[in-house]
2 protein chains.
Amino acid sequence: MSRLDRSLIAGLPVFQGMAPEDLDRVLQQARSLRIAKDQAVFEQEGEAHSFFLLLDGHARVVKTTPDGQQVIVRYISPGELMGIAHALGRSTYPASAVAAVDCVVLAWPGHLWPELAESFPSFGTSTYKTVGARLQETQARVVELATEQVEQRVAHALLRLVKQTGKKTDEGILIDFPISRQDIAEMTGTTLHTVSRLLTAWEEKGLVKSGRQKVTVVEPHRLFVLAEGRADKS
Amino acid sequence: MSRLDRSLIAGLPVFQGMAPEDLDRVLQQARSLRIAKDQAVFEQEGEAHSFFLLLDGHARVVKTTPDGQQVIVRYISPGELMGIAHALGRSTYPASAVAAVDCVVLAWPGHLWPELAESFPSFGTSTYKTVGARLQETQARVVELATEQVEQRVAHALLRLVKQTGKKTDEGILIDFPISRQDIAEMTGTTLHTVSRLLTAWEEKGLVKSGRQKVTVVEPHRLFVLAEGRADKS
DNA sequence: GCTCGGGTTTGCGCTGGATCAAAGTGTCGA
DNA sequence: TCGACACTTTGATCCAGCGCAAACCCGAGC
């Protein structure tokens with residue numbers, strides 16, 4: 001691991017306020033893994049024997065139903081922890097994580113968790129904060145799914161992606177990893193057909209630009225208006 | 001607080017393995033409150049200045065959308081913590097909690113959290129476990145809402161209530177607090193009309209018995225079959 | 001015992017989106 | 001350069017469940 005990597009890593013919330021030598025000790029206990037696009041980081045129902053920190057790339061957390069339908073629970077960005085079931089007293093992963101692009105992760109053996117959390121409070125605290133934030137976010141999605149129309153849900157999903165991984169370009173804000181209509185459908189509980197129709201309609205209105213596995217939000221604000229209930233049908 | 005109360009309380013997961021004198025200290029820092037039916041324990045958006053332990057009764061955690069629709073996030077049973085936003089680094093409650101029946105809660109000032117979690121590991125650990133379990137459960141609901149038909153969702157919701165608060169009677173398993181069609185609709189993202197039709201249909205098939213604010217599941221197993229995908233339409 | 005109000009049932013028409021089907025179209029490997 | 005495949009668009013049809021409306025029923029309080 002290069003020195004540059006290390007300094008970047010040191011800035012992550014998980015390691016905040018940790019002395020350099022402690023950081024070294026923690027990092028030495030982790031293995032760095034390269035995950036190819038579309039490969040799984042860990043599998044639903046699998047033994048939770050590791051927890052991970054995503055260093056580079058984007059991964060999606062996916063739950064598969066008994067009859068094979070998939071639901072994308074969330075996307076993980078660089079710097080975020082994933083597969084932390086173990087830390088929450090679970091023995092098996094409740095979902096799979098799949099690399100959306102080539103990724104680099106740090107993997108710690110799960111049994112190290114209690115020790116790490118105890119020795120380095122920032123580690124525990126920041127994890128629990130993350131979990132708290134995810135719980136709230138997930139609850140918000142329940143509310144969305146329970147009360148909103150498909151159009152609003154898709155708008156919300158895009159806005160969430162924009163906020164999380166948006167990259168400014170001259171055309172607008174680009175979601176900076178390959179994402180298909182199908183993926184968006186799996187985030188919002190609809191079908192790729194409906195997503196396609198929506199994106200086409202939005203494109204005509206100048207709200208977004210999109211292409212094969214690519215979405216750019218041109219006018220976040222108007223999209224936001226759409227996402228919040230009743231927008232005029234002009 | 002009576003001696004009986006105390007011994008019951010000592011058995012709760014949160015206090016597991018805590019020495020009696022420690023338990024006393026912790027309890028002395030809490031106030032015991034009586035919440036009348038339909039009264040709020042805490043309010044969405046409100047300052048998270050306390051966290052609570054439900055001692056007796058049942059409370060529902062509710063999120064209200066900007067346009068006034070309500071979604072029931074979960075029901076809280078005796079012995080469970082609620083309003084723990086503070087412990088997860090949030091400064092404001094993301095939802096309201098309303099007493100479904102007359103309740104008794106213990107309330108600790110939020111600022112005590114770090115101290116309590118540090119002094120009594122079981123307190124912290126069990127809380128995080130709870131949060132982890134809730135996160136998973138909430139994610140499971142997202143999957144349900146995204147992939148299942150209304151009938152399956154309602155079936156799942158009832159089964160969840162049965163497992164959580166079911167009380168065996170000679171007719172079947174009774175959900176032991178008043179619950180209206182509207183409540184069930186708000187748990188499953190549908191309307192009270194649809195819930196009413198479903199319950200009537202199920203009653204005819206002998207799966208449940210229900211009345212005003214009351215539901216008894218007669219045949220949990222058949223309901224379970226319904227909840228899991230394709231049940232034969234006999 | 002009667003009335004009032006909140007909860008429930010039921011009918012009916014309508015529509016948002018799913019489903020089915022088929023025809024583009026951009027991209028990558030050979 | 002040329003497929004071939006994976007992703008996308010678009011059309012046509014259908015139906016689960018919503019919205020609206022009205023009647024009903026039960027329990028609480030007078």
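First the proteins, then the strands, lettered A, B, ... as listed; each starts at 1.
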Rounded off to whole Å, could you give me the [atom1]-to-[atom2] distance for the [X] and [N] pair?
{"X": "Glu203(B)", "N": "dT10(C)", "atom1": "CD", "atom2": "C1'", "value": "15 Å"}
{"X": "Arg181(B)", "N": "dC25(D)", "atom1": "CZ", "atom2": "P", "value": "15 Å"}
{"X": "Leu198(B)", "N": "dG17(D)", "atom1": "CG", "atom2": "C1'", "value": "10 Å"}
{"X": "Glu186(B)", "N": "dC18(D)", "atom1": "CD", "atom2": "C1'", "value": "16 Å"}
{"X": "Asp183(A)", "N": "dT8(D)", "atom1": "CG", "atom2": "P", "value": "8 Å"}
{"X": "Gln182(B)", "N": "dG19(D)", "atom1": "CD", "atom2": "P", "value": "11 Å"}
{"X": "Asp38(A)", "N": "dA6(D)", "atom1": "CG", "atom2": "P", "value": "12 Å"}
{"X": "Leu199(B)", "N": "dG7(C)", "atom1": "CG", "atom2": "C1'", "value": "13 Å"}

Determine: side-chain N/O of [X] to OP1/OP2 of [N], distance under 4.0 Å, yes or no.
{"X": "Thr190(B)", "N": "dC18(D)", "result": "yes"}
{"X": "Ser196(A)", "N": "dT9(D)", "result": "yes"}
{"X": "Thr191(A)", "N": "dA18(C)", "result": "yes"}
{"X": "Thr200(A)", "N": "dT8(D)", "result": "no"}
{"X": "Gln149(A)", "N": "dG17(C)", "result": "yes"}

Arg153(A) or Arg212(B), whichever maps to the more 5' nucleotide of DNA chain C: Arg212(B)
Tyr93(A) and Phe52(A) aromatic ring geometry - parallel, tilted or perpendicular at 30°/60° bounds: tilted
Plane angle bin for Phe177(A) and His58(A) - parallel if under 30°, tilted between 30 and 60°, otherwise perpendicular: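 Tilted: the ring planes of His58(A) and Phe177(A) meet at 30° to 60°.
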Any Trp202(A) side-chain heavy atom under 4.5 Å of Leu158(A) side chain: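 They are in contact (side-chain heavy atoms under 4.5 Å apart), so the answer is yes.
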Residue pair Arg74(A) / Gln139(B), side-chain heavy-atom distance below 4.5 Å: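 Arg74(A) vs Gln139(B): side chains touch.
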Enclosure of Lys167(B) NZ (heavy-atom neighbours >12, cutoff 6.0 Å):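 Incorrect, the count does not exceed 12.
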Residue Val150(B), side-chain atoms from C-beta onward, closest of dA18(C), dT8(D), dC18(D):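 That would be dC18(D).
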dG16(C) base / Arg197(A) side chain donor-acceptor hit below 3.5 Å: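 Side chain to base: no pair present.
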Under-3.5 Å donor-acceptor pair between His193(B) side chain and dT10(C) base: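 In this structure, the two groups form a donor-acceptor pair.
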